[in-house]
Amino acid sequence: MSVARLSERVRRDLTYRSYPARDWTIPRRHDGARVLDVLIVGGGQGGLATAFGLKLERITNIRIVDRNPRGREGPWRRFARMKELRTPKEVWGIDFGIPSLTARAWYEARFGRQAWERIDRISPQAWRDYLDWYRDVLELPVENEVEVISIEPAGDYLRAQLRRKRRTERVHARKIVLATGIEGNGEWRTPPALVAGLAAARYAHSADEIDFRRLKGKRVGVLGVGASALDNAAEALEAGAASVDLCLRRAAIPRVNPQIWLNFEGILGHFAELSDLERWRFMRHVMEGLPVPPPQEAFWRCRRFENFRWHSNCAWRSVREQGDTVAVETEARTFTFDFVIFATGFATDLTARRELAPIVHHIALWRDRFTPPPGEESDLLARHPYLGPAFEFTERTPGTAPFLSRLHDFTLGAMPSIGLSGAAITGMRYSMPRLVNGLARDLFREDAADHYQDLLAYDVPELQTLDSASAWIDSLAADALADWQQLVESAIQSSRRPKAKKRSKSKMTALPD
Ligand SMILES: Cc1cc2nc3c(=O)[nH]c(=O)nc-3n(C[C@H](O)[C@H](O)[C@H](O)COP(=O)(O)OP(=O)(O)OC[C@H]3O[C@@H](n4cnc5c(N)ncnc54)[C@H](O)[C@@H]3O)c2cc1C
C-alpha cells in the first residue's frame with residue numbers, strides 16, 4: 001500500500017468514528033474577538049497529538065503554534081544524532097487506537113513490510129517524516145515560526161502574547177497546553193563555571209546545532225555519558241575527528257536503565273493515582289538513583305573507532321583557553337582539546353522559561369507540597385512542578401492563583417506527578433487521553449449552566465407530530481385533486497378535437513413496413 005492509499009484509509013477510518021459530529025463548546029468573546037478554547041504551545045508530537053485528540057472530542061476552536069520552522073519542530077532534524085530511537089518500533093499512542101495512523105502503518109506504506117521486519121527501531125528521520133505525515137493527513141493547523149513569549153491571567157481566561165517575526169499578537173484562551181518538549185520546564189544547560197572563559201567557537205552543548213565537518217582532524221573532548229554524549233562523540237568520530245575523549249564523573253558507565261522497567265500498563269496508566277510518598281519513592285529511584293545508560297547502538301558506534309577513549313572518575317574541574325586550544329583540568333590529569341562538547345543535559349528550572357515569567361512565582365513545586373522522609377530528599381525532584389491529574393499546574397498558595405488550572409504542562413517536567421507521560425513516546429498511549437479528557441471535562445463543566453439553558457431552549461422536532469402529518473396529508477390531497485382536474489381537462493380537450501386527426505393517427509398505424 002502506498003502512503004497516498006494509507007492516507008485515504010485514515011480518512012475512511014475517521015468516518016467510522018465521526019458520530020456525533022457537532023462542535024459543542026460554547027463560544028466566548030473578549031474585546032470582540034472569539035476566545036480560543038485551547039491554545040497549544042509546541043508543534044512536536046505532543047502538540048500534534050493534543051490537537052488531534054481535541055478534534056476527536058469535537059473541540060476545534062484551537063490554535064497550535066511552534067517557534068521553529070515546519071519540519072524542524074522538536075529534536076529530530078536538529079540535534080537527535082542517534083541512528084535509531086531508543087523506543088521499540090512497536091510503540092503506539094498518538095494514533096489514539098486507529099491502526100492506520102500508527103507509525104508502523106506509515107512505515108510499511110512508505111518502505112514496505114519487509115523493510116519493517118528488517119529494522120529493530122525507527123530512525124529519528126523516519127519518526128519526523130511520520131510526524132509530518134500525521135500533521136498533513138489529519139489537517140492539523142500548526143502555525144510555524146510563532147513563539148509564545150508570555151502567559152498571564154486575564155479575567156476568566158489566560159492571555160498569551162505571540163510573536164511572529166517582528167509582529168506581536170495577544171490572544172485569549174480558556175486553556176493553554178505547554179507541549180514544549182523535554183526541556184519545556186527548564187533549559188539545556190552548560191555548567192556556567194566551566195564555560196565562563198571560553199569563546200563560543202570553542203564549545204557547544206550537545207543540543208546545539210553543530211557543524212561536525214569543522215571537527216575533522218580535531219581533538220574533541222565530551223563531558224557526559226548519557227545517550228547524547230555518545231551520539232555526539234560518534235558524530236565527531238564519523239566526521240573524521242583526530243580523537244574523541246569522553247569524560248564521566250562516575251566510576252563506570254551506567255548499564256541498567258530504570259526507565260525500561262517503567263514500561264508496563266500499571267505504571268504508564270495509573271502512576272498518577274499513587275500517593276505522594278509512593279510517587280516520590282519511585283521517581284527518586286528512577287531519576288536520581290540509577291542514571292540512564294547510553295543506548296547499545298551508540299556505544300558500538302563509538303567503540304569501533306580506535307581513537308575513541310572514555311575516562312571514568314574524570315569530572316572536569318576547570319576549562320580554559322590556551323592559545324588555539326582548550327585545557328581541561330580533571331582530577332586525574334589535564335587534557336588538551338581543540339573543541340569541547342558539553343553533554344550535560346537540561347536543568348529543570350521553571351524560572352528559565354520566558355513564557356512563564358509573569359506567573360512562575362504562583363506555581364507549586366513538589367518542594368511546596370511534599371516533605372520527604374529523612375534520608376529520602378531530592379533537590380532534583382523538589383524542583384519539579386506539582387501537577388494535577390490532567391497536567392494542570394497547581395497553586396503554591398491555595399486560593400491565590402486559580403487561573404493555573406487553565407495551564408497544562410505536557411512536558412518531561414510532569415514525570416514526578418504523572419510518570420512517563422509528557423515528552424516521552426512510550427507514555428503517550430495513556431497520557432494523551434488523560435490530557436485530552438481533562439481539557440474536555442473542564443470546558444464542559446465550566447459551561448454546564450449554559451448547556452442547561454441550551455437544553456431548555458431546545459425545540460428541534462425529531463418526530464413528525466399529528467399536526468404536521470395532517471398538513472402533509474392535506475397537501476397530498478391537494479396535489480391529487482390538481483392532477484385529477486388536469487386529467488379531466490385534457491379528456492375534455494381531446495373529445496373536442498376534429499375527427500380527422502383521429503383518422504390520420506389510425507392511418508399512420510396502418511402504414512405498411
Ligand atoms: C535527542 C533526543 C532523543 C530522544 N529519543 C527518544 C526516544 O527514543 N524515545 C522516547 O520516547 N523519547 C525520546 N526523546 C524524548 C521525547 O520523545 C522527545 O523530546 C520529543 O521530541 C518530545 O516531543 P514533544 O512534542 O513533547 O516536544 P518537542 O518535540 O521538543 O516539541 C516541542 C516544540 O515546542 C516548541 N516550543 C517551545 N517553546 C515554545 C514557545 N514558547 N513558543 C512556541 N513554540 C515553542 C519547540 O520549538 C518545539 O518544536 C528524545 C529526546 C531527545 C532530545
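We count ligands from 1, going down the list as the structure has it; atoms in each ligand are counted the same way.
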Purely on distance, is any nitrogen or oxygen of Ile425 under 3.5 Å from one on ligand 1? yes
min-distance protein heavy atom vs atom 27 (O) of ligand 1 -> Gly181 CA, 3.1 Å
May I ask you to check whether Glu73 has an N/O atom sitting below 3.5 Å from an N/O atom of ligand 1? no
Going by the atom numbers of ligand 1, which of them fall below 4.0 Å from some non-hydrogen atom of Leu85? 8 (O)
Numbered atoms of ligand 1 (with element) below 4.0 Å of Phe79, judged on heavy atoms: 53 (C)
Yes or no on salt bridge (charged side-chain N to carboxylate O under 4.0 Å, His left out) for Glu297 and Arg86, after CA distance, side-chain angles and deciding distance? CA-CA 9 Å; Glu297 166 269 328; Arg86 188 163 213 148; over 6 Å; no
Atom 39 (C) of ligand 1: which of Ile182, Thr180, Thr87, Thr411 has the nearest heavy atom? Thr180
Distance-only side-chain donor-acceptor flag, Asn185 / Asp409, under 3.5 Å: yes
Judged by non-hydrogen atoms, does Gly422 sit under 4.0 Å from ligand 1? no
Spacing of Trp366 atom CH2 and Ser378 atom OG [to the nearest 0.5 Å]: 11.0 Å
Look at atom 15 (C) of ligand 1 and say which protein heavy atom is nearest, naming residue and atom and giving the distance to 0.1 Å. Ala423 O, 3.5 Å
Between Arg174 and Asp37, does any side-chain N to carboxylate O distance fall below 4.0 Å? yes
Between Glu209 and Arg77, is there a side-chain N and carboxylate O pair less than 4.0 Å apart? no
Say whether Arg72 and ligand 1 are in contact under the criterion: heavy-atom distance to a ligand atom below 4.0 Å. no
Should Glu183 be counted as touching ligand 1, given the test is an N or O pair under 3.5 Å? no
With respect to Arg86, determine whether any N or O atom, backbone or side chain, lies less than 3.5 Å from an N or O atom of ligand 1. yes
Can you report which non-hydrogen protein atom sits closest to atom 18 (C) of ligand 1, along with the distance? Trp76 CZ2, 3.8 Å
Are any of the side-chain nitrogens in Glu273 or Arg434 under 4.0 Å away from the carboxylate oxygens of its partner? yes
To the nearest 0.5 angstrom, please state how far the CG atom of Leu268 sits from the CG atom of Leu420. 6.0 Å
Atoms of ligand 1 under 4.0 Å from any heavy atom of Gly42, numbered from 1 in the order shown, are 33 (C), 34 (O), 35 (C)
Indicate the atoms forming the closest heavy-atom contact of Val340 with Val326, along with that distance. CG1-CG1, 4.2 Å
Which atoms of ligand 1 sit under 4.0 Å from any heavy atom of Glu355? 41 (N)
Please confirm whether Val148 comes within less than 3.5 Å of ligand 1 when only nitrogen or oxygen atoms on both sides are compared. yes
Name the closest protein heavy atom to atom 3 (C) of ligand 1, giving the residue it belongs to and the distance to 0.1 Å. Met82 CE, 3.2 Å
For His30 and His172, take the angle between the two ring planes, folded into 0 to 90°, and tell me which bin it lands in: parallel under 30, tilted 30 to 60, perpendicular over 60. tilted
Can Trp133 and Ser7 be counted as having a side-chain donor-acceptor contact under 3.5 angstrom? yes
Ala424 heavy atoms within 4.0 Å reach ligand 1 at atoms 11 (O)
Between Ala179 and ligand 1, which part of the residue brings a heavy atom under 4.0 Å of the ligand: side chain, backbone, both or neither? backbone
Heavy-atom distance to atom 49 (O) of ligand 1: which of Val146, Asn68, Asp66 wins? Asp66
From Leu407 CG over to Leu178 CG, what is the distance, rounded to the nearest 0.5 angstrom? 4.5 Å
Would you check whether Leu48 reaches within less than 4.0 Å of ligand 1, judged by its heavy atoms? no
Salt bridge (charged side-chain N to carboxylate O under 4.0 Å, His left out) assessment of Glu355 paired with Arg163: CA-CA 11 Å; Glu355 63 271 31; Arg163 191 174 59 191; over 6 Å; no
Please name the pair of heavy atoms, one in Lys55 and one in Leu138, separated by the smallest distance, quoted to 0.1 Å. NZ-O, 2.5 Å
With a 4.0 Å cut-off on heavy atoms, does Arg353 reach ligand 1? yes
Would His362 and Phe393 satisfy ring-ring contact (aromatic ring centres under 6.0 Å, His included), going step by step from the backbone distance to the final call? CA-CA 9 Å; His362 288 298; Phe393 284 117; over 10 Å; no
Atom 45 (C) of ligand 1 [closest protein heavy-atom partner, distance rounded to 0.1 Å]: Arg67 CG, 3.9 Å
Short N or O distance, Gly46 and ligand 1, threshold 3.5 Å exclusive: yes
Has ligand 1 got any nitrogen or oxygen that is less than 3.5 angstrom from a nitrogen or oxygen of Gly74? yes
Just jot down the ligand 1 atoms closer than 4.0 angstrom to any heavy atom of Val41, in number order. 39 (C), 40 (C), 42 (N), 43 (C)
Is it the case that the side chains of Thr102 and Asp95 hold a donor-acceptor pair, with the cut-off being a distance below 3.5 Å and no angle test? no
